[in-house]
Amino acid sequence: MYYGAVKILVTGGAGFLGSHLCEKLLANGHEVICVDNFYTGNKKNIHHLIGNPKFEVIRHDVTLPLYVEVEGIFNLACPASPRHYQKNPVQTLKTSVHGAINLLGLAKRTGARILQASTSEIYGNPELMPQPEFYWGRVNPIGIRACYDEGKRAAETLFFDYHRQYNTDIRVARIFNTFGPRMASDDGRVVSNFIVQSLGNKDITIYGDGSQTRSFCYVDDLIDGIFKLFFTEKVYQPINIGNPEPITMIELAEEIIALTKSKSSLVFRELPADDPVQREPDISNAKSILEWRPLVPRRVGLENTIQYFSQSTEVR
Ligand code: NAD
Ligand code: UDP
């Protein structure tokens, strides 16, 4: 049970979600140690936090052991976009698996509560809509997405085994597609691609026929969800966190073209291998256990993200 402010380690803290999480923890009075190897993270994301006496940054790769004294751990370190996680698949798998082993070891030694940023990708290309947490998924173990999907699945196994074997105080958040300011403009994810293309009046690249669906959650809602999960007692089951409102990629492109008043046209490109056809979270557990639900309408989230990209200089 946590009373008052605690010292929390955030791995992947300089990334898109990690930087928003560091902000939220600091705003709630906690001390934050941000660990990142800056593979996809950006110093610009945490620049405004430097100088805060409760904030500290360590350049470190989570595939190596780490010795710090903390009371809580959020494990977000892992490239999240297909373009980045497929660039060095072996390192992606090591980051999920060795990273989980190292951080669970740290949690075991210190007695810290530890949350894993898992993913809807553990459901693979699902037959069930929406996906509840009890669904075991349909993942290709040898495909080009496997380094990410199977790495995250193995990490979940490690989390639940540490809990059963050592009574480690775990939380597992299954995060569905999230978007917002500080997404990297070059990471190849659909929201950033479509916004950057629309703002430049360039062709919008639809992979496949664009009928595949995703459900997009705005970053503020997502951070609120994983924050609530971490600070809720004894949630020893995975919890889906996402926005249960699916949209096709064609509809998303049209929505972004309208919001940016763009002259862009749609062009169709080959669908990447193992690209899931549909994805939508069942968030009944998040609603009942965490009293959480997404509050930001997609349109408002997209407007904020468009504003961010239209002002961003993206210095790396
Ligand atoms: P991101 O790429 O912006 O952030 C990942 C961070 O981890 C980066 O700062 C990167 O430099 C760091 N990192 C990568 N490998 C590392 C290593 N070996 N050691 C230390 N740091 C390392 O991605 P994000 O969107 O912020 O995702 C954060 C977490 O949430 C990831 O674990 C991801 O799998 C998970 N997630 C994100 C989404 C999403 O839609 N954004 C969806 C599901 C799950
Ligand atoms: N996508 C697309 N055009 C792009 C980038 C992505 O049509 O320029 C599609 C992609 O094939 C997938 C969906 O958008 O079906 C979401 O892709 P993203 O990489 O953002 O997330 P993920 O596939 O991991 O859910």
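In each ligand, atom 1 is the first atom listed, and ligand 1 is the first ligand listed. Positions are given from 1, in the same order as the sequence printed here. Side chains are part of it too, since the values below use all heavy atoms of this structure and drop only hydrogens, waters and symmetry mates.
The backbone N or O of I226 lies less than 3.5 Å from no partner atom in the side chain of W292, so there is not a single donor-acceptor pair. In this structure, the side chain of D61 does not engage the main chain of N37 through any donor-acceptor pair within 3.5 Å. In terms of modelled atom types and a separation under 3.5 Å, the side chain of N102 and the main chain of V62 share a donor-acceptor contact.
At a heavy-atom distance under 4.0 Å, only side-chain atoms of K152, from C-beta outward, approach ligand 1. With a heavy-atom cut-off of 4.0 Å, R189 touches ligand 1 through its side chain alone.
For Y207, the ring-ring contact (aromatic ring centres under 6.0 Å, His included) criterion is met by no residue, not counting sequence neighbours. In this view, K24 and D224 satisfy the salt bridge (charged side-chain N to carboxylate O under 4.0 Å, His left out) rule, not counting sequence neighbours.
The distance from ligand 1 to the heavy atoms of G12 drops below 4.0 Å at these ligand atoms: 6 (C), 7 (O), 9 (O), 12 (C). Each of the following atoms of ligand 1 lies closer than 4.0 Å to a heavy atom of G41: 8 (C), 9 (O), 10 (C), 11 (O). Taking every non-hydrogen atom of F38 and a distance limit under 4.0 Å, the qualifying atoms of ligand 1 come out as 11 (O). If you number the atoms of ligand 1 from 1 as listed, the ones under 4.0 Å from a heavy atom of N177 come out as 40 (O). For ligand 1, the atoms closer than 4.0 angstrom to any heavy atom of A14 are 9 (O). Ligand-side atoms of ligand 1 in range of H60: 19 (N), 20 (C), range being under 4.0 angstrom from any heavy atom. Near A77, the atoms of ligand 1 lying under 4.0 angstrom from a non-hydrogen atom of the residue are 7 (O), 20 (C), 21 (N), 22 (C).
Within the 4.0 Å heavy-atom shell around ligand 1 one does not find K94. Assignment of R182 to the shell around ligand 1 is not supported, since no heavy atom sits closer than 4.0 Å. Judged by the shortest distance from any of its heavy atoms, S81 lies outside the 4.0 Å radius around the atoms of ligand 1. Every heavy atom of G99 sits 4.0 Å or more from the atoms of ligand 1. At least one heavy atom of Q91 lies less than 4.0 angstrom from ligand 1. Within the structure, ligand 1 has Y148 among the residues with a heavy atom less than 4.0 angstrom away.
Checked against a 3.5 angstrom limit, the closest N/O atoms of V35 and ligand 1 fall outside it. Ligand 1 has no N or O atom lying under 3.5 Å from any N or O atom of I175, backbone or side chain. Between G15 and ligand 1, an N or O atom pair is found at a separation short of 3.5 Å. In terms of N/O distances under 3.5 Å, ligand 1 is not approached by T119. Between D36 and ligand 1, an N or O atom pair is found at a separation short of 3.5 Å. Inclusion of N75 in the set of residues having an N or O under 3.5 Å from an N or O of ligand 1 is not warranted.
Nearest heavy atom pair, residue V277 against residue N125, reads N-OD1, 3.0 Å. Summarising the geometry of V219 relative to P181, their closest heavy-atom pair is CG1-CD, 4.2 Å, with the distance given to 0.1 Å. The two residues S185 and V196 have their closest heavy-atom pair at CB-CG2, 4.0 Å.
Checking Y218, F309, F194 one by one against F179, the ring pair (Phe, Tyr, Trp, His ring centres under 6.0 Å) holds for a single residue, Y218. Considering K152, R153, R145, R214 as possible partners of E121, the one that fulfils the salt bridge (charged side-chain N to carboxylate O under 4.0 Å, His left out) test is R145.
To the nearest 0.5 Å, atom CD of residue E133 and atom CZ of residue R174 are 6.5 Å apart. Taken to the nearest 0.5 Å, the CG atom of L9 stands 6.0 Å off from the CD1 atom of I33. In this structure, CG in L104 is found 8.0 Å from CG in N75, a value given to the nearest 0.5 Å. Atom CD1 of I114 sits about 8.0 Å away from atom OG1 of T11, to the nearest 0.5 Å.
Side-chain contact annotation: S264 with Q197, donor-acceptor N/O pair under 3.5 Å absent. Counting only N and O atoms by type, the side chains of T40 and D187 include no donor and acceptor under 3.5 Å apart. Under the 3.5 Å distance criterion, with hydrogens and angles disregarded, a donor-acceptor pair is assigned to the side chains of D169 and Y236.
Looking only at protein heavy atoms, the nearest one to atom 10 (C) of ligand 1 is T40 OG1, 3.2 Å. Among all non-hydrogen protein atoms, the one lying nearest atom 31 (C) of ligand 1 is L76 O, 3.2 Å. Looking only at protein heavy atoms, the nearest one to atom 27 (O) of ligand 1 is A80 CB, 3.6 Å. The nearest heavy-atom contact from the protein to atom 5 (C) of ligand 1 is C78 O, 3.2 Å. In terms of protein heavy atoms, atom 3 (O) of ligand 1 is closest to F16 N, 2.9 Å.
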Check residues 243-250 and write down every donor-acceptor pair under 3.5 Å in which the side-chain atom is one partner and the other belongs to a residue at least two apart or another chain.
{"unit_1": "E245", "atom_1": "OE2", "unit_2": "R298", "atom_2": "NH1", "d": "3.4"}
{"unit_1": "T248", "atom_1": "OG1", "unit_2": "E251", "atom_2": "N", "d": "3.1"}
{"unit_1": "T248", "atom_1": "OG1", "unit_2": "E251", "atom_2": "OE1", "d": "3.3"}

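Between F231 and F227, the ring planes lie tilted relative to each other; the angle falls in the 30° to 60° range.
Distances from atom 44 (C) of ligand 1 to the heavy atoms of G13, A173, S120, S118 put S118 nearest. Taking only non-hydrogen atoms, the option from L66, D61, T63 nearest to atom 18 (N) of ligand 1 is D61. Summarising the contacts of atom 21 (N) of ligand 1 with T178, L17, V62, N37, the nearest heavy atom is found in N37.
Listed by chain and number, P82, E121, R145, N177, G188, R189, V190, N193, F194, T205, I206, Y207, Q212, R214, M249, P272, D275, R279 each place a non-hydrogen atom less than 4.0 angstrom from ligand 2.
The 12-atom threshold is exceeded at CZ of R138, counting heavy atoms of other residues, nucleotides or ligands nearer than 6.0 Å.
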